[in-house]
Amino acid sequence: MQTNNSKEKVRQLQNKLYLTAKKCGSRRFHALYDKVYRDDVLFEAWKRVKANKGSSGVDGIRIEDIEAIGIEKYLIDIKTELVNGIYKPSPVKRVMIPKPDGRERPLGIPTVKDRIVQMATKIAIEPVFEADFKDCSYGFRPKKSAKQALEVVRKACNNKGYYVVDADIEKFFDNVNPGKLMVLIEQRISDRKILKLIRQWLKSGVLYGNILTISELGTSQGSVISPLLANIYLNTLDRLWEKYGLTHGILVRYADDTVIICKNKKSANHALNLLQYIMAKLDLKLHPVKTKIINMWDGTEGFDFLGLHHRRFSRINKRGYRYGETYQYPSKKAMKKMKQTIKENINQRYLLVKAEEELIASINPKIIGWRNYYRTRNDRKWMKAIDWYILCTFCRWNNKKRQQKRKLKGLYKTKQSLREKGLQLMATA
């Protein structure tokens, strides 16, 4: 299997497909299946799946097991199955992920083999749909990010965006209509083998314990292909909004998380009504409690979007005039999650045997990651609060280790020690 420079070859393939699709918006692609089992595409798919890590599916085969078998042999076997048309996906393994509110979120884990084939298919078909996707969509797209979406929201709120429709689609991944999804896919792809692959994944079912469930609705949340399928499905929303909704407000969507920034209450009501109409066309519903219109004018209300809370605060400029500015800072949910992670990585009984340097080495990458994501123009107060929590947690760990009853004794010494040993800070100068 020739895999030299697979990344560059795949990039060239995707670029060619994208430009072809962009040139003609009505073209249907009929020869994509042979791209899926190309050596360079399969090898690139393997590299991406490995980088994403993840556990084994229902067959119990892990990434490490494939490396032990031999990557080339494993990929050749997959290629043979695809070429001969005998590839058949396994059911998705259902695991329940705890949510901050105490409930659980279902997550589907496909087998590593299915993840590789899904990734290879995604490489082949994504550029075709990327040519159609709108600028208001930022989730799980090349060269698009949550930070870009947040910046658009901040600017829109500061530009007389006094009312915000904070929309929550109720159980989106469970309620996607596979029939309508396939119709949307078939508008761009006529390759029957690609369409068969996608239908197989939609109907492969979910294995929870020993019980196999095959649902008439939904797409597996957690599979490699599901974010692309979600974007294809919700591109209808983006398209219709561009046609009918631009006079009401600015739509910003990240996967199924959506906000619409409007200039007045009347526009916000029109925006919400239009959104409900479009959702009904897609067989989806907005959550009756979580979906609401937020009044940003006086700073008494705010909304959470992509882990940040957005609220309008009053400020005074150099000339002494008062004006409103939208602040973005970590949401209560994000702060709680960060504190929980800090506690789990520092102040645990089994960590008392560790040296301070080891704990710093384990927590520093997390601090850097948080800092990179949550850093905004107005974040200092909240970043300093996290720094204080980290300091206090280290101090408690230190005193527990020394069997000192006073939990926060020697706070200043701990601070000095952490600084000397290279602990990263959330609030940078």
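Side chains are part of it too, since the values below use all heavy atoms of this structure and drop only hydrogens, waters and symmetry mates.
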Test item: [X] and [Y] side chains (from C-beta on) under 4.5 Å apart, heavy atoms:
| X | Y | result |
| --- | --- | --- |
| E126 | P142 | yes |
| T291 | L272 | yes |
| M335 | I386 | yes |
| I125 | L17 | no |

- [ ] Carefully, step by step, assess I76 and L42 under the rule side-chain contact (heavy atoms from CB on, under 4.5 Å).
- [x] CA-CA 9 Å; I76 288 169; L42 279 175; over 6 Å; no
TODO: Please determine if K79 forms a cation-pi arrangement with Y37, meaning its NZ or CZ atom is less than 6.0 Å from the six-membered ring centre and no more than 45° off the ring axis.
DONE: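 K79 over Y37 ring: no.
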Task: Within 45° cone and under 6.0 Å: R27 NZ/CZ vs F29 ring - done: yes
I'd like to know if [X] and [Y] make a salt bridge, using a cut-off of under 4.0 Å between side-chain N and carboxylate O.
| X | Y | answer |
| --- | --- | --- |
| R253 | E242 | no |
| K384 | D387 | no |
| E44 | R48 | yes |
| D34 | R38 | no |
| K113 | E81 | yes |

TODO: Please assess L359 against W397 for the test side-chain contact (heavy atoms from CB on, under 4.5 Å), listing each intermediate value before the final yes or no.
DONE: CA-CA 10 Å; L359 296 186; W397 168 82; 3.3 Å; yes
TODO: In sequence, state the C-alpha distance, the side-chain angles, and the governing distance for R192 and Y33, and then conclude on side-chain contact (heavy atoms from CB on, under 4.5 Å).
DONE: CA-CA 9 Å; R192 285 182 294 174; Y33 187 73; over 6 Å; no
TODO: Say whether, by atom type as modelled, one donor and one acceptor occur between the side chain of N273 and the main chain of N269 under 3.5 angstrom.
DONE: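 At least one qualifying donor-acceptor pair exists.
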TODO: Check for a donor-acceptor pair, side chain of Q221 on one end and backbone N or O of S226 on the other, with a separation under 3.5 Å.
DONE: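 The answer is no, because no donor-acceptor pair under 3.5 Å joins these two groups.
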Can a side-chain donor-acceptor contact be found between [Y] and [X] if the only test is distance below 3.5 angstrom?
| X | Y | answer |
| --- | --- | --- |
| E344 | Q348 | no |
| D114 | Y87 | yes |
| H309 | D304 | yes |

TODO: Go through I363 and L423 one step at a time and tell me if the side-chain contact (heavy atoms from CB on, under 4.5 Å) criterion holds.
DONE: CA-CA 8 Å; I363 201 72; L423 179 74; 3.8 Å; yes
Task: Passing option when Y254 is tested against Y138, F140, F305 for ring pair (Phe, Tyr, Trp, His ring centres under 6.0 Å) - done: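 The single option meeting the ring pair (Phe, Tyr, Trp, His ring centres under 6.0 Å) with Y254 is F140.
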Open item on the list: In terms of relative ring orientation, are Y162 and W297 parallel, tilted or perpendicular, with 30° and 60° separating the classes?
Closed with: perpendicular
TODO: Determine the interplanar angle of the F172 and Y233 rings, folded into 0 to 90°, and report it as parallel if under 30°, tilted if 30 to 60°, perpendicular if over 60°.
DONE: tilted
Task: Residue among K196, R199, K180 satisfying salt bridge (charged side-chain N to carboxylate O under 4.0 Å, His left out) with E186 - done: R199
- [ ] Going by the salt bridge (charged side-chain N to carboxylate O under 4.0 Å, His left out) test, name the single residue among K22, R141, K144 that passes it with E130.
- [x] R141
